[in-house]
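Just so we're on the same page: letters track the sequence lines, and every chain starts at 1.
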Amino acid sequence: MKAIRIFRRNIAHAVKSIFRNFSLSIASVICTTITLTIVSLAILASVNINNFTKDLEGTLTIIAYVDKDATNDEINSIKSKILEIRNIKSDELIFKDKETIRQETMEKSDKNSSIYAIMNTLNESNNFLQPEFIVAVKNIENLEDTAQSLKSIDKIAEVQYSESVVEKMVPTFNIIQKVTLAIIVGLICVTIFLICNTIKLTIFARKNEIEIMRLVGTSNFVIKLPFVIEGLFLGIIGSIIPVIATIWGYIIAYDKLEGYFLTNFIKMIEPLPFSLYVSGILVIIGAIVGMFGSYTTVRRHLKI
Amino acid sequence: MKFIDIKNCYKVYKNGVTALADLNIAIDKGEFVFITGASGCGKSTLVKLLYREEKPTKGQVMVGGINVSKLYNSRVYKLRRKLGIVFQDFKLLPKLTVYENVAFGLDNIGLKSSLIRSKVLKALQIVGLKDKTKSFPNELSGGEQQRVCIARAIVNEPKLLICDEPTGNLDPKTSKEIVKVIKNINEDLGTTVIMVTHDKEIVNSLKKRVITLENGILTSDTKKGSYTADESN
């Protein structure tokens with residue numbers, strides 16, 4: 001009960017203080033709003049890109065064709081060399097010999113087609129098809145390097161992998177993600193700095209009050225509490241607009257783009273509950289940034 | 001055991017000024033003690049040691065069984081809740097009413113509103129300001145403001161009341177009234193009072209214990225004494 005009473009009274013102090021330093025509070029709130037809006041855009045974009053990249057990685061393979069005249073020993077040697085490459089999913093490595101390829105091709109072809117007829121004529125001695133390894137990669141970004149590593153293996157005749165525009169864009173996406181992250185960190189620092197300044201002014205404005213509080217035996221915790229609550233409120237108020245923009249904006253964007261981003265390959269994540277989760281993260285970031293900013297200022301300036 | 005026990009106490013500030021040197025003072029519970037001396041003799045430093053605004057450089061300061069010299073910063077509030085402090089400049093909050101100013105400390109320790117109310121009204125009655133609860137400090141005279149300050153100091157029924165030149169900003173007539181209020185608190189509630197003052201007339205009229213400091217050294221300590229400090233320094 002006692003703790004609740006102290007907390008309730010300090011909430012009132014914090015609200016009063018926000019209005020007392022109104023212009024600075026507004027500056028902190030605006031800064032938090034801008035930061036969180038950018039954070040929101042970055043989260044929405046990066047989670048969508050991640051989701052898409054994961055999907056793509058799950059399906060992407062490299063086909064390594066082996067020389068027609070490769071012996072079984074040589075094929076085993078190639079296999080062990082492939083398994084040494086870091087970026088490949090070793091448990092998903094598939095080898096298809098000439099006969100398997102011939103049968104698969106026949107199964108896929110129309111019985112009246114010329115391909116079917118040709119395949120039908122092939123036997124062990126005249127089978128001109130190349131055996132192949134189907135290699136799944138772990139990280140799409142290193143696709144080209146992995147292909148080069150495969151190419152350099154002796155008796156590998158050719159390497160094939162799809163190189164669509166989307167796949168080429170993945171490294172660009174990653175760069176964009178990193179740059180956005182740097183901007184976010186920078187903006188969060190600016191926001192913390194502004195909140196620190198607001199709290200610093202509050203401390204100066206309430207210097208006498210704090211002095212009297214200390215003289216009449218108020219604990220350090222209770223002295224600090226209203227400032228930390230004020231920072232928390234500034235952070236949460238600053239997150240209101242980004243939260244609304246995230247939920248509303250993402251739903252609209254999803255509808256307008258019909259669930260696809262940039263191209264028909266990149267499927268967007270469904271707005272609900274995704275946008276609600278992102279909103280929750282924004283409120284938490286706002287609250288933490290506000291509290292952290294005010295707590296560090298209180299510690300530095302009150303020396304208690 | 002003495003209520004206040006100061007032993008071999010030194011206070012040297014960072015700039016090298018020795019404010020107190022080898023001070024030994026013992027004060028019983030319920031005593032009324034004047035601390036006198038010229039400006040800069042160490043009076044304020046002495047009371048600051050008692051409410052732990054300053055720490056002694058050397059020696060021991062015991063207040064009500066608490067070793068103040070070894071008290072951590074985070075624990076100071078526990079000592080202060082047992083003390084009442086009255087200042088020359090009142091230190092009232094201008095935007096709070098008389099009632100709110102007196103209730104200020106109690107508000108921050110989370111007492112129930114009903115308990116705060118009874119304590120505040122009792123304190124205001126003692127200082128004779130029960131009818132001014134809704135006034136703001138700027139609507140009061142200097143003497144009344146000091147009474148509010150005293151009410152705030154005694155509202156939590158402290159064992160020790162420290163008054164740092166409480167009449168310094170008041171005219172002689174008002175000063176006498178304030179001292180009378182403080183004397184009554186000492187006699188009626190049994191609160192130990194330590195009053196720093198320059199007011200010769202007040203010291204001489206009350207015939208209480210007088211401790212005189214000179215350049216941080218105790219020069220006289222007399223029961224039912226009179227003002228002996230040399231103000232020419």
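Proximity to chain A is limited to the side chain of B/Ile85, based on heavy atoms less than 4.5 angstrom apart. Contact annotation for B/Lys78: neither backbone nor side-chain heavy atoms come within less than 4.5 Å of a heavy atom of chain A. Residue contact with chain A, scored on non-hydrogen atoms closer than 4.5 Å, involves the side chain of B/Arg152 exclusively. For B/Asp107, the parts lying under 4.5 angstrom from a heavy atom of chain A are both the backbone and the side chain. B/Leu79 does not touch chain A: none of its heavy atoms, backbone or side chain, sits under 4.5 Å away.
Note: B/Glu53 CD to A/Glu211 CD = 7.5 Å, rounded to the nearest 0.5 Å. With values rounded to the nearest 0.5 angstrom, A/Met213 atom CE is found 13.0 Å from B/Arg80 atom CZ.
Here the closest non-hydrogen pair linking A/Asn220 and B/Asn73 is ND2-O, 3.9 Å. The two residues A/Thr218 and B/Tyr77 have their closest heavy-atom pair at O-CB, 3.5 Å.
Around OH of A/Tyr277, the count of heavy atoms belonging to other residues, nucleotides or ligands within 6.0 Å does not exceed 12. The environment of CZ in B/Arg81 is crowded: more than 12 heavy-atom neighbours from other residues, nucleotides or ligands sit within 6.0 Å. Heavy-atom contacts from other residues, nucleotides or ligands closer than 6.0 Å to NZ of B/Lys55 number more than 12. The local environment of NZ in B/Lys7 is sparse, with at most 12 non-hydrogen atoms from other residues, nucleotides or ligands closer than 6.0 Å. Residue-environment remark: CE (A/Met268) exceeds the threshold of 12 foreign heavy atoms within 6.0 Å.
With sequence neighbours excluded, the residues that form a side chain to side chain contact (heavy atoms under 4.5 Å, CB included) with B/Thr192 are B/Phe3, B/Ile27, B/Lys29, B/Leu160.
Contact tally against chain A (heavy-atom pairs below 4.5 Å) for B/Asn156, B/Leu96, B/Leu111: the top residue is B/Leu111.
A/Leu215 places a side-chain heavy atom less than 4.5 Å from the side chain of B/Phe87.
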